[in-house]
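Presented below is the structure to which this report refers.
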Amino acid sequence: MAATKTPPTFDPWDQAFLANPYPAYADLRAQGRVHYYEPTNQWLVPHHADVSALLRDRRLGRTYQHRFTHEDFGRTAPPAEHEPFHVLNDHGMLDLEPPDHTRIRRLVSKAFTPRTVERLRPYVDGLASELVGELVAAGGGDLLTVVAEPLPVAVIAEMLGIPESERAQLRPWSADICGMYELSPSEETAEKAVRASVEFTEFLRELIAVRRKEPGDDLVSGLIAAYDEGDRLSEQEMISTCVLLLNAGHEATVNATVNGWWALFRNPDQLAALRADRGLVGTAVEELMRYDTPLQLFERWVLDEIEVDGTVIPRGSEVALLFGSANHDPAVFAEPESLDLSRPENPHISFSAGIHYCIGAPLARIELAASMGALLDQAPSLRLAAEPERKPNFVIRGLEGLLVEV
């Protein structure tokens, strides 16, 4: 069986699609389980069952370079001028496969045990309350810049041991690097990512040098100690791990916060229910992550030939697993286009699955619940002040800002 033709409604560069991709996903699901998309040379997988299974399928990988050269895999090596970005990106555990992925994740996971994360709750709650207090004192403002961004950036910087006085550049660096995760990034995007990679790498190299001489109670010091104990974590792996933790540790949380509140403002009955029953906060966080997924797509390389619904996808292909579509699959979610903050069963895959399941998911949940709780407590009449603009991105879905009034 051949792959079905991609419906014309799927156009990741179209403004109408970016504003609301979910109807196009419904078309994809209705027309088949796998679609070859020529503009990006990818195979699109829109159904929840297939996305979930392929995330766990070891015939696919985040990289192929542990088994093949670019030439072996039928791919062209990235341009030499992009090397600083790829060196930084390719040594982080998100883009590694076992055994390197296993080794690094084992070391980092010590900082994300349930007990360790739970110890951060008072800090997260206190910071969320402080940030929301600033928003309320000003009578409103941009929820993105006042609350959504500063909270997770500060938390992950605190974990890494980055001094407060040196955190201002973290978010811009991250934004420039994450631009490379969009489909077919421009050369201008690549130049920004390379520059940010060089600057961020140098910053962390200096921080690691300081922590070698003066270890502290932070993750960077812990990674250095693990290296010194013989766990073979190179300095580049430490740098790449720190960048990954910062990028992944706040990007999804920032966008989930503003996407979530924008969804609440558009569903006043659900917002009213949440204000009336704070016990809904836990399920609300999960539903908002599902309803407008902050990471819409996750890519995998086909290391060994696979078959989806009779369609053979050869080795060397790239598969695009559509998280946003999977999270709206009616085979799994009743009335998926409806926001239901009390949804009892919610097996969304916003945090991925398999060996690359988001290591920071428990911390992200604490951060999202903390900011939501603080806003409900201190700004019970919070309302939208202006229609937001959607960022011109597909893979990482967010808003340019979210102006609110108290």
Side-chain angles (χ1 to χ4, degrees), residues 42-43 45 47-68 73 86 88-114 116-117 156 159 178 181 219 222-223 226-227 231-234 236-249 251-253 286 289-290 293-308 313 315-324 326-327 332 347-365 395-396:
Q42 292 175 317
W43 297 81
V45 180
H47 288 263
H48 187 283
D50 293 324
V51 171
S52 182
L54 291 176
L55 283 170
R56 297 169 170 84
D57 194 322
R58 300 309 304 138
R59 292 174 298 174
L60 279 71
R62 282 290 294 172
T63 183
Y64 54 79
Q65 295 185 68
H66 60 307
R67 287 181 52 184
F68 307 100
F73 214 57
H86 290 287
L88 183 63
N89 183 73
D90 294 353
H91 286 82
M93 62 182 172
L94 183 62
D95 281 82
L96 291 172
E97 292 296 309
D100 289 329
H101 171 273
T102 308
R103 170 175 53 86
I104 297 174
R105 189 177 178 107
R106 184 180 68 248
L107 294 170
V108 177
S109 65
K110 296 174 183 178
F112 288 92
T113 64
T116 303
V117 171
I156 197 66
M159 291 184 71
C178 288
Y181 304 138
L219 183 53
L223 293 175
Y227 172 66
D231 267 333
R232 304 187 312 281
L233 195 64
S234 70
Q236 183 58 60
E237 287 172 339
M238 279 189 266
I239 291 169
S240 296
T241 295
C242 292
V243 171
L244 170 64
L245 290 175
L246 176 78
N247 292 351
E251 197 70 43
T253 309
E286 303 302 321
M289 289 283 291
R290 178 202 73 82
T293 310
L295 181 65
Q296 290 281 307
L297 176 155
F298 210 47
E299 297 163 337
R300 286 284 196 276
W301 295 106
V302 180
L303 306 176
D304 295 297
E305 180 182 284
I306 63 172
E307 184 177 313
V308 178
I313 304 179
R315 188 186 84 181
S317 303
E318 191 175 33
V319 172
L321 305 174
L322 299 176
F323 284 14
N327 282 343
V332 177
H348 68 77
I349 53 174
S350 300
F351 290 118
S352 191
I355 67 168
H356 290 290
Y357 179 80
C358 177
I359 199 170
L363 180 58
R365 288 183 166 108
V395 176
I396 300 176

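Predicted model only: the values in this text are computed from it and were never measured. If you read the sequence from its start, that first residue is 1, and numbering goes on from there.
- Here the closest non-hydrogen pair linking Leu297 and Val395 is O-CG1, 3.7 Å.
- A donor-acceptor pair is defined here as one N or O able to donate and one able to accept, closer than 3.5 Å; such a pair exists between the side chain of Thr63 and the backbone of Gln65.
- The side-chain contact (heavy atoms from CB on, under 4.5 Å) test with Glu97 singles out one residue from Ile355, Thr102, Leu60, and that residue is Ile355.
- Aromatic pair His348/His48: ring centres not closer than 6.0 Å.
- When side chains are defined from C-beta on, Val302 does not count as touching Arg59, because their heavy atoms never get closer than 4.5 Å.
- A donor-acceptor contact shorter than 3.5 Å is absent between the side chain of Ser109 and the backbone of Phe112.
- Listed here is the closest heavy atom pair of His356 and Leu94: CE1-O, 3.4 Å.
- Below 30°, between 30° and 60°, or above 60°: for Tyr64 and Phe73 the angle between ring planes is below 30°, a parallel geometry.
- A distance of 10.0 Å separates CG in Leu233 from CZ in Arg106, rounded to the nearest 0.5 Å.
- When all heavy atoms of Pro347 and Val332 are compared, the pair lying nearest together is CG-CG1, 3.6 Å.
- Under a 3.5 Å cut-off, the side chain of Ser350 and the backbone N or O of Met289 do form a donor-acceptor pair.
- Tyr181 and Asn89 are linked by a side-chain donor-acceptor pair at a separation below 3.5 angstrom, with hydrogens and angles left out of the test.
- Pro362 approaches Val117 most closely through the heavy-atom pair C-CG1, 4.1 Å.
- When side chains are defined from C-beta on, Leu303 does not count as touching Arg315, because their heavy atoms never get closer than 4.5 Å.
- The existence of a salt bridge linking Asp100 and Arg105 is excluded, since no basic side-chain nitrogen approaches an acidic carboxylate oxygen closer than 4.0 Å.
- The side-chain heavy atoms of Leu321 and Arg300, taken from C-beta on, include a pair separated by under 4.5 Å.
- Formation of a donor-acceptor pair under 3.5 Å by the Ser240 side chain with backbone atoms of Gln236 is found in this model.
- Between the side chain of Asn327 and the backbone N or O of Ile349 there is at least one donor-acceptor pair closer than 3.5 Å.
- Counting heavy atoms from C-beta on, the side chains of Thr241 and Ile104 come closer than 4.5 Å.
- Counting only heavy atoms from C-beta outward, the side chains of Leu322 and Gln296 never approach each other to under 4.5 Å.
- Cys242 and Leu223 make their closest contact through SG-CD1, 4.4 Å (heavy atoms, listed as atom of the first residue, atom of the second, distance).
- Within the model, atoms OG1 of Thr293 and CD1 of Ile396 stand 13.5 Å from one another, a figure rounded to the nearest 0.5 Å.
- Electrostatic pairing of Glu237 and Arg103 counts as a salt bridge here, judged by a charged N lying under 4.0 Å from a carboxylate O.
- For Arg56 and Tyr357, the positive end is not near the middle of the six-membered ring at less than 6.0 Å and at most 45° from its axis.
- Ion pairing between Arg62 and Asp95 holds under the 4.0 Å rule for side-chain N and carboxylate O.
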**Request:** Begin from the C-alpha positions of Thr253 and Arg365 and carry the test side chain to side chain contact (heavy atoms under 4.5 Å, CB included) through to its verdict.
**Result:** CA-CA 8 Å; Thr253 309; Arg365 288 183 166 108; over 6 Å; no
**Asked** So Glu299 and Val319, side chain to side chain contact (heavy atoms under 4.5 Å, CB included) or not? Walk me through it.
**Response** CA-CA 6 Å; Glu299 297 163 337; Val319 172; over 6 Å; no
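- Distance check, rounded to the nearest 0.5 Å: CD1 of Ile239 to NE2 of His91 gives 10.0 Å.
- Closest approach of Leu295 and Phe323 over heavy atoms only: O-CB, 3.3 Å.
- Taking OG of Ser352 as the reference point, atom CD1 of Ile359 lies at 12.5 Å (rounded to 0.5 Å).
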